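First the structure, in the form of structure tokens, and then the observations on it.
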Amino acid sequence: MDAASAQIPAIRVTGFMQALAGGLGLAILVILGWMALTQPPPPEPAMQIAAGSWNARVQEHMRVLGASPRSIATEGNAQARTYLLSELRAMGLAPTVQRATVRKSVVYYFGAIHNTVGVVHNVVARIPGSAPDASRRPALLLTAHYDSGNAVRDTARGAATMAALLETARSLRAAPPANDVVLLFADGHHVGALGAKGFVEQHPLAANVGLALKFDPAGDAGLRMLETSGAGGAALAGWMRAAPELRGSSLETTLARMLNDAPHVGPLAALDTPVLLFAGGENDPRQLGDAMLRLAQTYGDTPLERGAQTAAAYFSLPIVGLVQHPAWLTWAPTILSCLMLGFAWRRLFGADGATEAAQGVFGVCFLLLVVRVGSWTWREEIAAAGLAGEHRLPLVVMIVAACVFVAGLYLFRRSVGAAAMVLGALAWPALALLLVVFFLPGAAYVLAWPLAAALAAFLALQSRWGGRQAFALRLLVLVAGLAPAAALFPPALRDAWLLLAPHHMYLPPMLMALPMLCFASLLLVLSLAPAVAAVLALLAASCFALPGQAAPRAALPPASDGLERLVYYKDANTWRSYWLLPEQPLDDWRRQLFPGRRPTIFVEVFGWNSPRQWYAEAPRDDAVAFPECFALLNTVGKVRRATFTVRSKNRAPHIELRMSGAKALRSRLDGMPLTSKEAPWLLSLYGMEDRVLHFEIESAPDEIFAITVQERMPGVPQHLLPSRDEGAPYLREQSGMTMSTDILRFY
């Protein structure tokens, strides 16, 4: 036989084709995850918002409202309130000022009771609905706070949200929806949401609210739905119709409730009606205003009902968009997953499979520990990256950890087997799911649906039917089983990172990623090792192409080069005045305030437990008065009973009182009970002006104590400061703080 007639041997391409198909399947999962991270673009703004006149009015609102700090009971607060009233009246509305005295009590972890009492001034207006029976329908509440923090750098925050709400009111006034709309510009938000609490507890319109939309300027990101209270499917449906581009999930709501500094629904939860909190959006007032108007119009035309609704889980899916279902429904995939896990273990290993089961479970546990320990070595760098808005390092650590974990799975498969590794890996998210569904039901969807889908795919592939199918169909089953994980895990990790990392809570997102890694074990069922290796190599290489950081944060007004923390302290106990400044480097001008000094503990006034700080004696300013304090009664019987009065001659917006040397058994303010059990005693007062306040405090008879009264006023006496050259830092009029203090002692 000559060479020409010899048969050419067949080329086997099965392995190559399987690797190619496997790579395509993994690529589909990666694309699905990428789509889950993208947000739909916002629609074109409404005609009235796209007009230049709308933007001009908003800019004017922001200029006036952001001119000075608006902290409660200050002149800036009153000016902002006057402006809001004038603008609402110009629209043809009849706004009112709700003046209310509100009390809030907080118990600290060490047992101290901190009471806050403030006089708030809420601006409230009502837009009549167009429906004939609008007066009998529950109303829609739109609310934002108009007060700010004390610092000058806080002046601009919240101005865009108030401006957008003013213009939303203008549009609703021109074309009223079916329901009445109540507008609430709340005061006292930064001192415990006192304004919202006063509205809920004391305003007559609160009893007729059928749904509330709260807008908070917190954060530098775009507008998003951050938290809900008493909101079920009916309430969430309006958000999903009106503004589907606004991201949000019940996982984010669950995480936000763990943070003290994050925006919260707060006292509005006591309205016994659905409340939706939208946060952010200050960077783009036009998008903020358009979304606010669409939400108001949609809910304004929707029949509302009083009463909280059954909680719902809600999240976004690629292509589908926003999805919601009753929170209790996550019990169905949870129970189903546990049954499938037990059935698969019994079917594959029987009664004698304890060894394989233990090897799989503890093998995965070892890999998780390796990944966790490796991530822990970067904890400080990850924390710094989260605070700086830098996302490259966390992404690199997560990608490298995932690559190490998947490579370890393939190594363990050689000795234990694929089935034991898969079930051992999925047992860990099943255990986590049981805990989450009990304690955090709103976040359970993140694990419930992916786990049920993964176990269903595993059982299908291990069944007789799965063994008879072609590789392509088995690969399709695998992709379908991992699709829920690819769609839900990336946005869950993103939201957890963006919400928690700025609060120094960078470990929870990393811990969330650990059970999510276990789903990669499903890749062991098919012969995809070459494709997996290629994808891991691409992921590792992509670390070099990741963006350096997220979108730039909004620029805040300068903090006066640290001088906002300067304090003029007038102390009646020593009959002297002082300059105080937290420990920091000093320039030439600051050294004139603290000549020849070093940061130290100011024992004479603040005691040995006070922080180190710069301090120096300052000229006395007789225009700053000491608190007017009189001890009226000090009797000792079964208890020590002390009665005294306090009045602020300075009309200080903020007064702090602290009891030292003993614990209060009971206390009253103007006859109103403050505390009724033994505990350390703290009290914050706002807006008391020059009222004479009567206090009664009881303590154990053998204890003596002191009451420190401290008045706090924005700004410092600038005429007492050293002269400033051209290069000296600029000190705004209301920068810094003036404190005036006295002490009452009861022996």
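Quantities reported herein were computed from a predicted structural model and do not represent experimental measurements.
The closest donor-acceptor contact from the side chain of R494 to the backbone of L37 lies under 3.5 Å. Not one N or O on the side chain of E252 forms a donor-acceptor pair closer than 3.5 Å with the backbone of E227. Checked by atom type and distance alone, the side chain of S250 never pairs as donor or acceptor with a backbone atom of A313 at under 3.5 Å. Not a single donor-acceptor pair under 3.5 Å links the side chain of R294 to the backbone N or O of W239. Between the side chain of H145 and the main chain of P217, no donor-acceptor pair closer than 3.5 Å is present. Looking at S337, its side chain does come within 3.5 Å of a backbone N or O of A452 through a donor-acceptor pair. Judged purely by atom type and a 3.5 angstrom limit, Q324 has no side-chain atom pairing as donor or acceptor with the backbone of Y314. With R474 contributing its side chain and L461 its backbone, the two residues share a donor-acceptor pair below 3.5 Å. In this structure, the side chain of T38 engages the main chain of M35 through a donor-acceptor pair within 3.5 Å. W428 places a side-chain N or O within 3.5 Å of a backbone atom of V361 that can act as its donor or acceptor partner.
Salt bridge status for D495 with R247: present, with a side-chain N to carboxylate O gap under 4.0 Å.
Heavy atoms only, all atoms of each residue included: A454 and L426 are closest at CB-CD1, 4.5 Å. Here the closest heavy-atom approach between residue V437 and residue W331 is recorded as CG1-CH2, 3.7 Å. The two atoms that bring G281 and L288 nearest to each other are O-CB, 3.6 Å, heavy atoms only. Counting all heavy atoms, side chain and backbone alike, S229 lies closest to A269 at OG-CB, 3.4 Å.
Side-chain atoms of V436 and F438, non-hydrogen and from C-beta on, never get closer than 4.5 Å to each other. Between H325 and T330, some side-chain heavy-atom pair lies under the 4.5 Å cut-off. For the pair Y299/L276, a side-chain contact is recorded, criterion being any heavy-atom separation below 4.5 Å from C-beta on. Side-chain atoms of L524 and Y410, non-hydrogen and from C-beta on, do get closer than 4.5 Å to each other. Here the side chains of T228 and V275 are not in contact, with every heavy-atom distance at 4.5 Å or above. Between M421 and Q359, every side-chain heavy-atom pair lies at or beyond the 4.5 Å cut-off. Taking the side chain as every heavy atom from C-beta outward, K677 and I113 approach each other to under 4.5 Å. Using a 4.5 Å heavy-atom cutoff, the side chains of L141 and T273 are not in contact.
Using the six-membered ring where Trp is involved, Y445 and F315 have ring planes that are parallel, under 30° apart on the 30 and 60° scheme.
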Item to check | CA sep, side-chain torsions, deciding dist, call: F489, F519, ring-ring contact (aromatic ring centres under 6.0 Å, His included) | outcome: CA-CA 10 Å; F489 290 168; F519 286 81; 5.1 Å; yes
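In this structure, R157 CZ and H190 NE2 are separated by 8.5 Å, a value rounded to the nearest 0.5 Å.
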